[in-house]
Amino acid sequence: MRELVVLGTASQAPTRRRNHNGYLLRWDDEVILFDPGEGSQRQMLHTGVTATDLTRICVTHFHGDHCLGLPGMIQRLSLDRVPHPVAVHFPAGGADYFARLRHASSFHETAELAVEPIDADGQRIALGIGTLEARRLRHPVETYGYRLVEPDGCRLLPERLSAYGIAGPAVGQLLREGHLDLGGRRVDRDEVSVTRPGQRFAFVMDTGLCDGVYALAEHADLLVIESTFLASEAALAAEVGHLTAGQAARVAAESGVRTLVLTHFSQRYADPRRFHDEAREHFAGELVIAEDLETVPVPPRRVPSPE
Ligand SMILES: [Zn+2]
(Lines give C-alpha, C1' and ligand atoms only; values in the text may rest on other atoms or scores of the structure.)
Protein backbone atom coordinates (compact mmCIF):
# COMPACT_ATOMS: atom_id res chain seq x y z
CA MET A 1 0.00 0.00 0.00
CA ARG A 2 1.38 3.39 -0.99
CA GLU A 3 -0.65 6.45 -0.11
CA LEU A 4 -0.61 9.86 1.50
CA VAL A 5 -2.96 10.50 4.41
CA VAL A 6 -3.51 14.19 5.09
CA LEU A 7 -3.88 15.10 8.75
CA GLY A 8 -3.96 18.88 8.43
CA THR A 9 -3.55 21.55 5.78
CA ALA A 10 -3.39 24.96 7.51
CA SER A 11 -0.30 27.13 7.73
CA GLN A 12 0.42 29.30 10.74
CA ALA A 13 -3.04 29.18 12.37
CA PRO A 14 -5.73 26.51 12.09
CA THR A 15 -9.20 27.33 10.78
CA ARG A 16 -12.63 25.82 11.39
CA ARG A 17 -12.05 23.34 8.56
CA ARG A 18 -8.28 22.99 8.56
CA ASN A 19 -6.09 21.55 11.29
CA HIS A 20 -2.44 22.55 11.51
CA ASN A 21 -0.10 20.65 9.17
CA GLY A 22 0.47 16.93 9.44
CA TYR A 23 0.91 14.18 6.85
CA LEU A 24 1.33 10.42 6.88
CA LEU A 25 2.97 8.46 4.12
CA ARG A 26 2.14 4.77 4.02
CA TRP A 27 4.66 3.06 1.78
CA ASP A 28 4.91 -0.71 2.10
CA ASP A 29 6.24 -1.39 5.59
CA GLU A 30 7.19 2.25 6.31
CA VAL A 31 4.67 4.65 7.85
CA ILE A 32 6.26 8.10 7.96
CA LEU A 33 4.78 11.06 9.83
CA PHE A 34 5.78 14.42 8.36
CA ASP A 35 5.63 17.76 10.20
CA PRO A 36 3.14 17.01 12.99
CA GLY A 37 1.51 20.29 14.00
CA GLU A 38 -0.80 20.71 16.97
CA GLY A 39 -3.72 18.29 16.90
CA SER A 40 -1.97 15.69 14.73
CA GLN A 41 -2.51 12.96 17.33
CA ARG A 42 -6.27 13.42 17.29
CA GLN A 43 -6.41 13.80 13.51
CA MET A 44 -4.57 10.47 13.26
CA LEU A 45 -7.33 8.85 15.26
CA HIS A 46 -9.73 9.60 12.40
CA THR A 47 -7.49 7.90 9.83
CA GLY A 48 -7.12 4.48 11.41
CA VAL A 49 -3.32 4.83 11.62
CA THR A 50 -2.03 4.15 15.13
CA ALA A 51 1.12 5.25 16.93
CA THR A 52 2.32 1.65 16.70
CA ASP A 53 2.10 1.83 12.91
CA LEU A 54 4.64 4.68 12.80
CA THR A 55 8.18 3.79 11.73
CA ARG A 56 9.63 7.26 11.17
CA ILE A 57 9.05 10.98 11.80
CA CYS A 58 10.45 13.68 9.50
CA VAL A 59 10.39 17.36 10.47
CA THR A 60 11.24 19.99 7.84
CA HIS A 61 11.83 22.87 10.28
CA PHE A 62 11.03 24.13 13.74
CA HIS A 63 8.24 26.61 13.14
CA GLY A 64 5.31 25.74 15.38
CA ASP A 65 2.87 24.67 12.68
CA HIS A 66 5.34 21.90 11.72
CA CYS A 67 6.48 20.59 15.08
CA LEU A 68 4.20 21.47 18.01
CA GLY A 69 2.50 18.09 17.61
CA LEU A 70 5.78 16.34 18.45
CA PRO A 71 5.44 16.28 22.26
CA GLY A 72 2.08 14.53 22.15
CA MET A 73 3.11 12.11 19.41
CA ILE A 74 6.37 11.20 21.15
CA GLN A 75 4.65 10.62 24.49
CA ARG A 76 1.98 8.56 22.73
CA LEU A 77 4.65 6.18 21.41
CA SER A 78 5.54 5.37 25.02
CA LEU A 79 1.93 5.30 26.23
CA ASP A 80 1.14 2.70 23.56
CA ARG A 81 4.41 0.84 24.30
CA VAL A 82 5.44 0.87 20.65
CA PRO A 83 7.85 -2.07 20.51
CA HIS A 84 10.07 -0.97 17.62
CA PRO A 85 12.44 2.02 17.43
CA VAL A 86 10.96 5.02 15.62
CA ALA A 87 13.47 7.00 13.54
CA VAL A 88 13.32 10.80 13.79
CA HIS A 89 14.89 13.26 11.33
CA PHE A 90 15.00 17.06 11.65
CA PRO A 91 17.41 19.91 10.83
CA ALA A 92 20.45 19.49 13.09
CA GLY A 93 20.48 23.22 13.81
CA GLY A 94 17.17 22.75 15.60
CA ALA A 95 18.46 20.08 17.99
CA ASP A 96 17.74 22.29 21.02
CA TYR A 97 14.12 22.73 19.95
CA PHE A 98 13.81 19.00 19.42
CA ALA A 99 15.28 18.25 22.84
CA ARG A 100 12.74 20.58 24.49
CA LEU A 101 9.79 19.21 22.51
CA ARG A 102 10.84 15.64 23.28
CA HIS A 103 10.88 16.40 27.00
CA ALA A 104 8.19 19.08 27.05
CA SER A 105 6.52 17.52 30.08
CA SER A 106 6.86 14.60 32.44
CA PHE A 107 6.10 11.12 31.09
CA HIS A 108 7.24 7.55 31.50
CA GLU A 109 9.48 7.00 28.51
CA THR A 110 9.54 3.45 27.19
CA ALA A 111 9.57 3.90 23.42
CA GLU A 112 12.88 4.09 21.64
CA LEU A 113 13.61 6.98 19.28
CA ALA A 114 16.39 6.54 16.73
CA VAL A 115 17.37 10.19 16.39
CA GLU A 116 19.22 10.99 13.17
CA PRO A 117 19.39 14.74 12.52
CA ILE A 118 20.00 16.13 9.03
CA ASP A 119 23.16 18.23 8.90
CA ALA A 120 24.01 18.32 5.20
CA ASP A 121 22.25 19.17 1.97
CA GLY A 122 21.77 15.93 0.06
CA GLN A 123 22.07 13.69 3.15
CA ARG A 124 20.77 10.22 2.35
CA ILE A 125 19.32 7.60 4.62
CA ALA A 126 19.11 4.05 3.32
CA LEU A 127 15.73 2.41 3.96
CA GLY A 128 14.53 -1.05 3.03
CA ILE A 129 12.19 0.54 0.47
CA GLY A 130 14.76 2.86 -1.13
CA THR A 131 16.57 6.05 -0.19
CA LEU A 132 15.30 8.95 1.89
CA GLU A 133 17.08 12.12 0.80
CA ALA A 134 17.02 15.57 2.43
CA ARG A 135 17.57 18.80 0.50
CA ARG A 136 18.08 22.28 1.91
CA LEU A 137 15.22 24.69 1.29
CA ARG A 138 14.99 28.49 1.50
CA HIS A 139 13.18 29.70 4.61
CA PRO A 140 14.12 32.05 7.49
CA VAL A 141 15.08 29.05 9.66
CA GLU A 142 17.08 25.94 8.67
CA THR A 143 14.70 23.82 6.60
CA TYR A 144 15.02 20.55 4.72
CA GLY A 145 12.57 18.92 2.34
CA TYR A 146 12.56 15.17 1.85
CA ARG A 147 12.13 12.72 -0.98
CA LEU A 148 11.82 8.98 -1.08
CA VAL A 149 13.36 7.29 -4.11
CA GLU A 150 12.74 3.65 -4.90
CA PRO A 151 15.41 2.18 -7.19
CA ASP A 152 14.39 0.84 -10.58
CA GLY A 153 13.69 -2.87 -10.57
CA CYS A 154 13.32 -5.56 -13.18
CA ARG A 155 10.12 -7.28 -14.33
CA LEU A 156 10.45 -10.64 -16.10
CA LEU A 157 8.34 -11.24 -19.20
CA PRO A 158 6.82 -14.75 -18.94
CA GLU A 159 6.21 -15.06 -22.69
CA ARG A 160 9.87 -14.33 -23.47
CA LEU A 161 11.02 -16.76 -20.78
CA SER A 162 8.90 -19.53 -22.24
CA ALA A 163 10.03 -18.69 -25.77
CA TYR A 164 13.58 -19.46 -24.63
CA GLY A 165 12.36 -22.43 -22.60
CA ILE A 166 13.62 -20.90 -19.35
CA ALA A 167 11.79 -22.15 -16.26
CA GLY A 168 12.27 -23.29 -12.68
CA PRO A 169 15.66 -22.73 -11.00
CA ALA A 170 17.11 -21.35 -14.26
CA VAL A 171 14.99 -18.21 -13.72
CA GLY A 172 16.66 -17.56 -10.38
CA GLN A 173 20.07 -18.16 -11.89
CA LEU A 174 19.30 -15.69 -14.70
CA LEU A 175 18.24 -13.03 -12.19
CA ARG A 176 21.30 -13.58 -10.00
CA GLU A 177 23.91 -13.71 -12.73
CA GLY A 178 22.29 -11.43 -15.30
CA HIS A 179 22.60 -14.03 -18.05
CA LEU A 180 22.11 -17.71 -18.75
CA ASP A 181 23.95 -20.05 -21.11
CA LEU A 182 21.51 -22.18 -23.05
CA GLY A 183 23.17 -24.83 -25.22
CA GLY A 184 25.73 -22.50 -26.76
CA ARG A 185 23.51 -19.40 -26.76
CA ARG A 186 23.79 -16.75 -24.05
CA VAL A 187 20.51 -15.10 -22.99
CA ASP A 188 20.90 -11.75 -21.20
CA ARG A 189 18.42 -10.66 -18.55
CA ASP A 190 17.52 -7.64 -20.70
CA GLU A 191 16.20 -9.98 -23.40
CA VAL A 192 13.54 -11.44 -21.13
CA SER A 193 12.67 -8.50 -18.88
CA VAL A 194 11.79 -4.83 -18.80
CA THR A 195 12.80 -2.17 -16.31
CA ARG A 196 10.26 -1.69 -13.53
CA PRO A 197 10.50 2.06 -12.85
CA GLY A 198 10.99 2.91 -9.17
CA GLN A 199 8.49 5.28 -7.59
CA ARG A 200 9.24 8.64 -5.99
CA PHE A 201 7.55 10.69 -3.29
CA ALA A 202 8.58 14.27 -2.45
CA PHE A 203 7.69 16.52 0.46
CA VAL A 204 8.50 20.23 0.07
CA MET A 205 7.75 22.77 2.79
CA ASP A 206 8.26 25.68 3.78
CA THR A 207 10.33 27.45 1.16
CA GLY A 208 10.78 30.08 -1.46
CA LEU A 209 11.80 28.87 -4.91
CA CYS A 210 15.32 27.41 -4.85
CA ASP A 211 17.36 24.55 -6.34
CA GLY A 212 16.33 22.22 -3.52
CA VAL A 213 12.67 22.47 -4.55
CA TYR A 214 13.48 21.27 -8.06
CA ALA A 215 15.88 18.58 -6.85
CA LEU A 216 13.16 17.11 -4.63
CA ALA A 217 10.34 17.38 -7.17
CA GLU A 218 12.24 15.76 -10.05
CA HIS A 219 10.08 12.99 -11.57
CA ALA A 220 8.06 12.59 -8.38
CA ASP A 221 5.07 10.30 -8.77
CA LEU A 222 3.52 12.19 -5.85
CA LEU A 223 4.64 15.67 -4.80
CA VAL A 224 3.30 17.30 -1.63
CA ILE A 225 4.24 20.96 -1.74
CA GLU A 226 3.38 24.06 0.19
CA SER A 227 1.21 26.61 -1.55
CA THR A 228 0.75 29.17 1.17
CA PHE A 229 -0.18 32.04 -1.12
CA LEU A 230 -1.75 32.96 -4.44
CA ALA A 231 -0.02 34.97 -7.16
CA SER A 232 -1.69 38.14 -5.88
CA GLU A 233 0.61 37.84 -2.83
CA ALA A 234 3.73 36.79 -4.80
CA ALA A 235 5.88 39.62 -3.42
CA LEU A 236 4.95 38.74 0.16
CA ALA A 237 5.58 35.04 -0.55
CA ALA A 238 9.09 35.76 -1.82
CA GLU A 239 9.81 38.02 1.15
CA VAL A 240 8.82 35.47 3.81
CA GLY A 241 10.11 32.34 2.04
CA HIS A 242 6.93 30.71 0.76
CA LEU A 243 5.46 29.57 -2.55
CA THR A 244 2.37 30.56 -4.49
CA ALA A 245 0.06 27.98 -6.06
CA GLY A 246 1.28 29.05 -9.49
CA GLN A 247 4.94 28.61 -8.56
CA ALA A 248 4.34 25.19 -7.04
CA ALA A 249 2.41 24.10 -10.14
CA ARG A 250 5.14 25.32 -12.48
CA VAL A 251 7.74 23.36 -10.49
CA ALA A 252 5.56 20.27 -10.84
CA ALA A 253 5.08 20.77 -14.58
CA GLU A 254 8.79 21.36 -15.22
CA SER A 255 9.80 18.40 -13.05
CA GLY A 256 7.57 15.74 -14.62
CA VAL A 257 5.43 15.31 -11.50
CA ARG A 258 2.40 13.03 -11.90
CA THR A 259 0.20 13.79 -8.88
CA LEU A 260 0.51 17.26 -7.35
CA VAL A 261 -0.84 17.88 -3.84
CA LEU A 262 -1.04 21.52 -2.76
CA THR A 263 -1.37 22.29 0.95
CA HIS A 264 -0.26 24.58 3.84
CA PHE A 265 -2.76 27.27 2.92
CA SER A 266 -2.84 30.73 4.44
CA GLN A 267 -6.04 31.32 6.38
CA ARG A 268 -6.59 34.56 4.43
CA TYR A 269 -8.17 32.64 1.52
CA ALA A 270 -11.67 31.31 2.12
CA ASP A 271 -12.20 29.53 -1.20
CA PRO A 272 -9.80 26.62 -1.97
CA ARG A 273 -11.00 26.67 -5.58
CA ARG A 274 -8.72 29.66 -6.14
CA PHE A 275 -5.64 27.47 -5.50
CA HIS A 276 -6.96 24.94 -7.98
CA ASP A 277 -7.64 27.50 -10.68
CA GLU A 278 -4.26 29.16 -10.33
CA ALA A 279 -2.37 25.84 -10.34
CA ARG A 280 -4.37 24.49 -13.28
CA GLU A 281 -3.05 27.25 -15.51
CA HIS A 282 0.41 25.67 -15.25
CA PHE A 283 -0.03 21.97 -14.44
CA ALA A 284 -2.07 19.48 -16.47
CA GLY A 285 -1.57 16.34 -14.36
CA GLU A 286 -3.53 15.00 -11.39
CA LEU A 287 -4.10 17.97 -9.07
CA VAL A 288 -5.26 17.75 -5.46
CA ILE A 289 -6.05 20.77 -3.29
CA ALA A 290 -5.58 18.95 -0.01
CA GLU A 291 -8.36 18.70 2.56
CA ASP A 292 -7.93 17.38 6.09
CA LEU A 293 -8.28 13.59 6.46
CA GLU A 294 -8.11 13.03 2.72
CA THR A 295 -6.22 10.04 1.30
CA VAL A 296 -4.27 10.41 -1.92
CA PRO A 297 -2.94 7.24 -3.58
CA VAL A 298 0.52 7.13 -5.09
CA PRO A 299 -0.34 6.70 -8.80
CA PRO A 300 0.33 3.30 -10.40
CA ARG A 301 3.86 2.75 -11.64
CA ARG A 302 4.87 4.38 -14.87
CA VAL A 303 4.44 1.86 -17.68
CA PRO A 304 7.83 0.39 -18.57
CA SER A 305 8.73 0.51 -22.23
CA PRO A 306 9.66 -2.88 -23.75
CA GLU A 307 13.19 -2.92 -25.14
ZN1 LIG B 1 4.56 26.43 7.93
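Order of appearance sets the numbers: ligands from 1, and atoms from 1 within every ligand. FYI, side chains are in, hydrogens and waters are out, and symmetry mates aren't considered; it's all heavy atoms of this structure.
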### Message
To the nearest 0.5 Å, what is the distance between CZ on Arg280 and CG on Asp277?
### Response
10.0 Å

#### Entry: Salt bridge flag under 4.0 Å for residues Glu109 and Arg102
yes

Out of the N/O/S atoms in [X], what is the name of the one closest to the Zn ion (ligand 1)?
| X | result |
| --- | --- |
| His66 | NE2 |
| Asp206 | OD2 |
| Asp65 | OD2 |

#### Entry: Ring center gap for His66 and His264 short of 6.0 angstrom
yes

### No-hydrogen, no-angle side-chain donor-acceptor test under 3.5 Å, Glu226 and Thr228
yes

### Message
Can you tell me if, anywhere in His264, an N/O/S atom lies at a distance from the Zn ion (ligand 1) that is smaller than 2.8 Å?
### Response
yes

